[in-house]
Every structure is written in structure tokens, then in C-alpha cells.
Amino acid sequence: QVQLVESGGGLVQAGGFLRLSCAASGSNIVRMAWYHQAPGKQRELVAAITSGGSTNYADSVKGRFTISRDNAKNTVYLQMNSLRPDDTGVYYCNAKQRGSGSDYLVTYDFWGQGTQVTVSS
């Protein structure tokens with residue numbers, strides 16, 4: 001079982017910045033990620049970080065957003081700089097858990113409650 005608690009969303013002007021946080025609890029987490037869902041659109045991957053520290057980003061946020069983790073605090077962050085109106089939407093923290101024992105071939109996804117980001121022009 002994995003539980004995720006998100007914070008850090010808000011209202012900013014274009015060109016501003018925000019830092020999202022996701023505090024995680026659980027075991028066997030192999031990957032954490034941030035997803036973005038704009039109003040009326042599908043949820044899509046923004047950034048991900050594996051248990052080994054490898055990262056990847058959507059093309060639209062490369063050079064602007066940075067995903068990181070603090071193992072001591074068991075928290076993952078998304079630093080969002082140079083924000084644009086298209087970044088507006090709900091940001092969800094995601095954790096992928098690997099099964100244990102007889103379920104070792106299976107992975108499970110868990111989601112935070114989401115935090116709203118609004119960027120005004």
C-alpha cells in the first residue's frame with residue numbers, strides 16, 4: 001500500500017515559478033512521476049524519476065521543470081520555472097509499486113489527490 005500527499009499548487013503569473021511536493025509512504029516503489037491534466041484533456045506524463053535516480057521529461061517542459069527526490073524525507077519534488085498558461089491544470093503525483101512474493105511480476109499504480117496550478121497571462 002502506498003499513500004501520497006501533494007502540496008504546492010497555486011496561482012502565478014506567466015514567467016513565475018512553483019515547487020510541488022509529494023510525500024510518499026509505502027514500500028517497493030520503483031518509480032515516481034508527475035502527471036498534468038489540463039481542463040478537458042487527457043492526463044499526461046510531465047516528469048518521472050526511478051529508484052535509481054534516472055529522470056525523463058516531456059518535451060514541453062525540458063529546460064523549465066526539474067524533478068528531484070529527497071530520500072531522507074521520502075519526498076519527491078517538481079520545480080516548475082518559466083511557467084506558461086498552457087501549464088495550467090491539475091498535477092498528480094504517481095507512484096509505481098512492484099509486487100512482492102508471488103506477485104513479483106506485477107506492478108501497481110497509486111495516485112495523489114492532485115494539486116491545482118493556474119498560470120495567468
Side-chain angles (χ1 to χ4, degrees):
Q1 181 66 31
V2 175
Q3 293 181 331
L4 305 172
V5 180
E6 303 173 30
S7 62
L11 173 64
V12 297
Q13 293 184 353
F17 60 90
L18 286 171
R19 191 191 194 196
L20 307 183
S21 300
C22 177
S25 63
S27 61
N28 298 324
I29 298 173
V30 298
R31 170 187 178 270
M32 297 191 70
W34 288 96
Y35 286 74
H36 171 232
Q37 186 166 21
K41 297 184 178 180
Q42 291 185 323
R43 192 176 302 181
E44 61 183 19
L45 178 69
V46 174
I49 185 167
T50 70
S51 59
S54 298
T55 60
N56 66 279
Y57 298 89
D59 288 340
S60 61
V61 306
K62 288 181 179 177
R64 299 190 299 123
F65 293 5
T66 302
I67 189 169
S68 62
R69 66 185 186 185
D70 186 333
N71 291 333
K73 298 181 179 180
N74 201 27
T75 300
V76 65
Y77 305 94
L78 185 67
Q79 181 67 48
M80 310 166 67
N81 298 328
S82 302
L83 283 162
R84 305 194 291 242
D86 288 348
D87 297 320
T88 292
V90 179
Y91 285 77
Y92 296 91
C93 182
N94 166 268
K96 188 176 295 294
Q97 179 189 57
R98 178 170 292 165
S100 61
S102 60
D103 293 330
Y104 70 95
L105 294 175
V106 183
T107 57
Y108 305 90
D109 283 300
F110 297 86
W111 297 90
Q113 79 283 359
T115 184
Q116 176 70 40
V117 171
T118 302
V119 184
S120 62
S121 60

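What's counted below: heavy atoms across the whole structure, side chains too, no hydrogens, waters or symmetry copies.
The distance from the CD atom of Gln116 to the CG atom of Leu11 is 9.5 Å, given to the nearest 0.5 Å. Between atom CD of residue Gln37 and atom CD of residue Gln42 there is a gap of 8.5 Å, rounded to the nearest 0.5 Å. The CG atom of Leu78 sits 10.5 Å away from the SG atom of Cys22 when rounded to the nearest 0.5 Å. Here Leu45 contributes atom CG and Asn56 contributes atom CG; the two are 6.0 Å apart, rounded to the nearest 0.5 Å. With rounding to the nearest 0.5 angstrom, the OG atom of Ser27 is 10.0 Å from the CD atom of Gln1. In this structure, CD in Gln79 is found 12.0 Å from CD1 in Ile67, a value given to the nearest 0.5 Å.
Proximity of Val76 to Trp34: side-chain heavy atoms (C-beta onward) are separated by under 4.5 Å at one or more points. Between Gln13 and Leu83 there is no side-chain heavy-atom pair separated by less than 4.5 Å.
Across all non-hydrogen atoms, the minimal contact from Thr50 to Arg69 is O-NH1, 2.7 Å. Of all heavy-atom pairs spanning Ala95 and Ile29, the tightest one is CB-CG2, 4.2 Å. Across all non-hydrogen atoms, the minimal contact from Phe65 to Val46 is CD2-CG1, 3.7 Å. The shortest heavy-atom contact between Thr107 and Arg98 is CG2-CA, 4.2 Å. Shortest non-hydrogen contact noted between Ser82 and Arg64 is O-NH1, 3.0 Å. Closest non-hydrogen pair, Met32 versus Ala24, comes out as CE-CB, 3.9 Å.
For the pair Tyr57 (side chain) and Gly63 (backbone), a donor-acceptor distance under 3.5 Å is absent. The closest donor-acceptor contact from the side chain of Gln3 to the backbone of Gly26 lies at 3.5 Å or more, if one exists at all. Arg43 places no side-chain N or O within 3.5 Å of a backbone atom of Val90 that could act as its donor or acceptor partner. The main-chain N or O of Glu6 is found under 3.5 Å from a side-chain atom of Gln113 such that the two form a donor-acceptor pair. Looking only at distances, no side-chain donor or acceptor of Asn81 sits under 3.5 Å from a matching main-chain atom of Phe17. A donor-acceptor pair is defined here as one N or O able to donate and one able to accept, closer than 3.5 Å; no such pair exists between the side chain of Thr55 and the backbone of Ile49.
Not a single side-chain hydrogen bond (donor to acceptor under 3.5 Å, both in side chains) links Lys73 to another residue, sequence neighbours left out.
Between His36 and Tyr91, the ring-plane angle classifies as parallel under the 30° and 60° cut-offs.
Leu105 and Val30 fall into different hydrophobic clusters, where Ile, Leu, Val, Met, Phe, Trp and Tyr side chains are chained together by heavy-atom contacts under 4.5 Å. Hydrophobic cluster membership is shared by Leu4 and Leu20, with clusters built from Ile, Leu, Val, Met, Phe, Trp and Tyr side chains linked at under 4.5 angstrom.
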### Candidate pair Thr75 and Tyr77, rule side-chain contact (heavy atoms from CB on, under 4.5 Å), full reasoning
CA-CA 7 Å; Thr75 300; Tyr77 305 94; 3.6 Å; yes

